[in-house]
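Every chain is numbered from 1 and lettered A, B, ... according to where its sequence line falls, protein lines coming before strand lines.
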Protein chains: 2
Amino acid sequence: MKKRVTIADIARELNITPATVSRALSNHPEISAATKKVVQEAAEKLDYNRNKIASSLRSGRTNVIGVLIPTAEHIFFGSVIHGISNIASKNGYDILIYQSNESQQFEKKGIDAFISARVDGILASIAKDTTDFSHFTYAKAQNIPIAFFDRVNNNLGIPSITIDDYRGAYLATESLIKEGYTRIAHITGPQHIQTFKNRVRGYRDALQDYQLPALEEWVYEGNVSVEAGREGASVLLSLTNPPDAIVAVEDFTALGVLKELKQRNIPVPQQFGVFGFCNDMFGEHITPSLSTIDQQTVLMGEEAFKMMHELIQYNGAATGVLSKVLQPIPVIRESSRKTSKP
Amino acid sequence: MKKRVTIADIARELNITPATVSRALSNHPEISAATKKVVQEAAEKLDYNRNKIASSLRSGRTNVIGVLIPTAEHIFFGSVIHGISNIASKNGYDILIYQSNESQQFEKKGIDAFISARVDGILASIAKDTTDFSHFTYAKAQNIPIAFFDRVNNNLGIPSITIDDYRGAYLATESLIKEGYTRIAHITGPQHIQTFKNRVRGYRDALQDYQLPALEEWVYEGNVSVEAGREGASVLLSLTNPPDAIVAVEDFTALGVLKELKQRNIPVPQQFGVFGFCNDMFGEHITPSLSTIDQQTVLMGEEAFKMMHELIQYNGAATGVLSKVLQPIPVIRESSRKTSKP
DNA sequence: CTGTTAGCGCATTCAA
DNA sequence: TTGAATGCGCTAACAG
């Protein structure tokens with residue numbers, strides 16, 4: 001094991017003190033340009049690489065953000081991480097990843113790991129299973145800046161960044177209405193999850209605003225999956241008063257709806273409209289292509305980092321940082337275009 | 001900022017020395033069970049949380065693995081990270097993520113960040129742009145265990161974990177042959193990438209083994225995308241001697257092929273067979289559903305961590321750890337099933 | 001502008 | 001089995 005070069009080595013080489021080297025390398029304002037230059041060159045020459053561990057221990061800051069996600073296997077979170085990670089790198093932060101796998105127990109472990117690692121802040125998206133949120137308030141009590149993204153809890157006094165699910169569902173429903181569909185149903189997910197609840201509200205309010213019927217039985221609650229989409233569509237189409245369009249809670253659910261419709265030979269969009277939610281990559285390429293709501297995942301990641309960055313800067317001081325809501329963007333494709341052809 | 005509890009606090013509380021506390025908490029064999037118990041309880045009571053930074057500085061080990069990926073926006077890498085991260089957590093390791101965004105420059109920065117963070121090991125998947133690999137050999141020279149996954153370079157003496165791309169393409173081609181297709185073409189990606197090159201070889205060898213024609217013009221080199229699939233299919237179908245099946249380099253490329261065929265009203269699989277590569281989630285749900293090669297991404301992540309774990313253990317000592325190749329798994333669906341119906 | 005001094009919290013050597 | 005002493009590499013307060 002080759003011994004690593006330290007600032008002491010550079011100091012010795014140049015006959016100055018380690019403190020000066022440290023300051024020069026951190027671009028401290030009170031160091032002369034000449035010294036900085038010499039130190040830089042010596043560092044380069046000796047192949048010096050700052051030991052962040054020692055630096056962190058001394059300074060009390062790690063420049064690491066802990067990111068807690070339910071799973072990296074879902075492209076939604078990959079996309080958010082993409083956003084977080086890129087802007088974080090640009091600002092000199094590293095990203096520690098932990099997966100809860102939708103379990104409260106692992107989520108708690110993740111928070112503990114972050115605290116142990118002395119991360120400067122935590123960005124978290126809550127697991128489906130979580131009912132006890134004390135690990136989050138604990139982190140907050142430890143004075144670690146924390147913010148939620150996408151899967152949030154508004155009762156903990158923790159800032160968050162989300163997209164406006166209510167508005168997304170509203171826009172989807174409204175788009176179908178404007179295309180001429182009049183009996184619009186909704187397939188949603190488990191209602192203990194805020195996100196899905198908000199979408200139901202947006203869907204309902206759109207119908208009400210346009211004075212269209214909003215039958216109780218037109219809201220089908222399933223799991224979020226292709227299968228749920230099929231089953232939901234099947235149930236809805238078997239009603240005595242079946243709908244002529246469906247707003248699905250998510251793109252794969254919408255895909256299930258499309259499959260069921262195809263099997264029943266119901267032409268989309270001519271006789272039936274379908275709207276998804278997520279803007280997953282495949283939607284653009286299936287037939288008919290899927291209208292959906294874009295969730296701006298990368299932007300969400302970037303905004304999440306920015307918020308965290310501010311929280312870190314102003315921690316302790318009173319701060320104006322509050323929750324932020326991103327606007328969903330309707331992406332209208334074939335599956336909902338009853339009137340005009342593409 | 002509440003002062004954090006340290007081992008000194010615990011020591012004071014119990015009238016023993018910090019050294020003993022440290023040993024007790026690390027479950028050192030030479031500490032009495034009684035002391036361990038008392039220390040554990042005091043730690044719990046005082047809400048002690050080990051400072052990994054200080055521990056790392058002293059011990060020289062961080063228990064952090066740096067994972068370098070091209071982008072988190074591709075589900076393939078998300079899936080591998082899922083595999084790495086879960087097994088890493090189980091073994092007490094944290095995961096630091098860095099994205100190269102397919103750029104050599106950022107890749108280099110990532111390696112530097114990892115070295116600065118004093119990670120115990122690096123798992124990397126090479127960027128498309130990378131032509132100079134010195135940052136990898138540099139890390140290795142610094143005595144940091146490093147291994148590649150999926151996107152590898154075999155000329156650096158760095159172990160790697162891949163799936164057998166050659167065999168994957170061979171199996172895809174063979175499957176088409178056994179279904180009765182006889183004029184099989186291939187749409188591949190940039191040939192400076194080993195992965196794609198190997199798939200071309202697998203494709204060619206299958207044709208040869210079954211004594212089928214392998215025209216030079218039946219291999220179309222494009223970018224890896226839906227558009228490349230469309231274009232490749234278009235070019236191949238315009239040949240005076242067009243194929244009756246295509247092995248695509250990847251699922252989205254296969255999707256492009258399917259779109260082009262649909263537009264030309266060529267029935268799949270009856271008159272034309274299509275095979276993808278990746279087993280992306282959408283493939284199961286499109287029409288016709290897509291035959292493809294599963295790359296065992298989660299397993300790849302798990303095996304990557306296991307390999308890294310061994311490298312870390314035996315670093316310095318001569319080690320038997322070599323590259324590992326995972327077996328691809330054909331997933332046969334409608335798009336290639338000429339003979340039998342599902 | 002630079003040097004001196006001190007210590008972040010822990011793990012490890014050597015002694016007892 | 002435990003205590004005492006040391007230092008990992010760096011940064012920050014205080015001097016000069």
Exercise. Just call it for B:Ser55: base, sugar-phosphate, or nothing, with non-hydrogen atoms closer than 4.0 Å on any strand.
Key: sugar-phosphate

Self-check item: Spacing of A:Arg4 atom CZ relative to D:dG9 atom C1', expressed in whole Å
Solution: 12 Å

Quiz item: Between A:Ser22 and D:dT11, is there a side-chain N or O to OP1/OP2 distance below 4.0 Å?
Solution: yes

Exercise. Please state whether the phosphate of C:dC10, meaning OP1 or OP2, lies under 4.0 angstrom from any side-chain nitrogen or oxygen of B:Tyr48.
Key: yes

Quiz prompt | Candidate nucleotides D:dG3, C:dC1, C:dA11, ranked by approach to the side chain of A:Glu30 - the nearest | solution = C:dC1

Practice problem: State whether the side chain of A:Thr35 and the backbone N or O of A:Ile31 hold a donor-acceptor pair below 3.5 Å, judged by distance alone. | Solution: no

Exercise. Quickly work out the B:Arg12 CZ to D:dG3 C1' distance and round it to whole Å.
Key: 16 Å

Self-check item: Shortest side-chain distance from B:Arg58, nucleotide among C:dG3, C:dA11, C:dG9
Solution: C:dA11

Quiz prompt | Whole-Å distance separating the CZ atom of B:Arg61 from the P atom of D:dC8 | solution = 18 Å

Exercise. Nearest whole angstrom, please: distance from the P of D:dC10 to the CG of A:Asn27.
Key: 17 Å

Self-check item: Check: C:dG3 base within 3.5 Å donor-acceptor of A:Arg23 side chain
Solution: yes

Quiz item: Who passes ring pair (Phe, Tyr, Trp, His ring centres under 6.0 Å) against A:Phe148, sequence neighbours left out?
Solution: A:Phe136

Self-check item: Whole angstrom value for the distance that separates P of C:dC8 from CD1 of A:Ile53
Solution: 18 Å

Quiz prompt | Minimal non-hydrogen separation, B:Arg151 against B:Lys128, with atom names | solution = NH1-N, 3.6 Å

Practice problem: Answer yes or no: are there more than 12 heavy-atom neighbours, outside B:Lys324 itself, under 6.0 Å from its atom NZ? | Solution: no

Exercise. Please check the phosphate of D:dG3 (OP1 and OP2 only) for any side-chain N or O of B:Thr20 closer than 4.0 Å.
Key: yes

Quiz item: Does the ring centre of A:Phe305 sit less than 6.0 Å away from the ring centre of A:Tyr93?
Solution: yes

Exercise. Look at the side chain of B:Asp94 and the backbone N and O of B:Val64, then say whether any donor-acceptor pair between them is shorter than 3.5 Å.
Key: no

Quiz item: For A:Asn51 and C:dC8, what is the distance between atoms CG and P respectively, to the nearest whole Å?
Solution: 18 Å

Quiz item: For A:Ala54 and B:Ala19, take the nucleotide of DNA chain D holding the closest heavy atom to each; which residue's nucleotide lies nearer the 5' end?
Solution: B:Ala19

Practice problem: Provide, to the nearest angstrom, the distance between the CD1 atom belonging to B:Ile31 and the P atom belonging to D:dG3. | Solution: 8 Å

Quiz prompt | Flag if over 12 foreign heavy atoms under 6.0 Å of NZ, A:Lys109 | solution = no

Quiz item: Near DNA chain D, under 4.0 Å by heavy atom, which residues of residues 32-44 of chain B?
Solution: B:Ser32, B:Thr35

Quiz prompt | Between C1' of D:dG9 and CD1 of A:Ile7, the distance in whole Å | solution = 7 Å

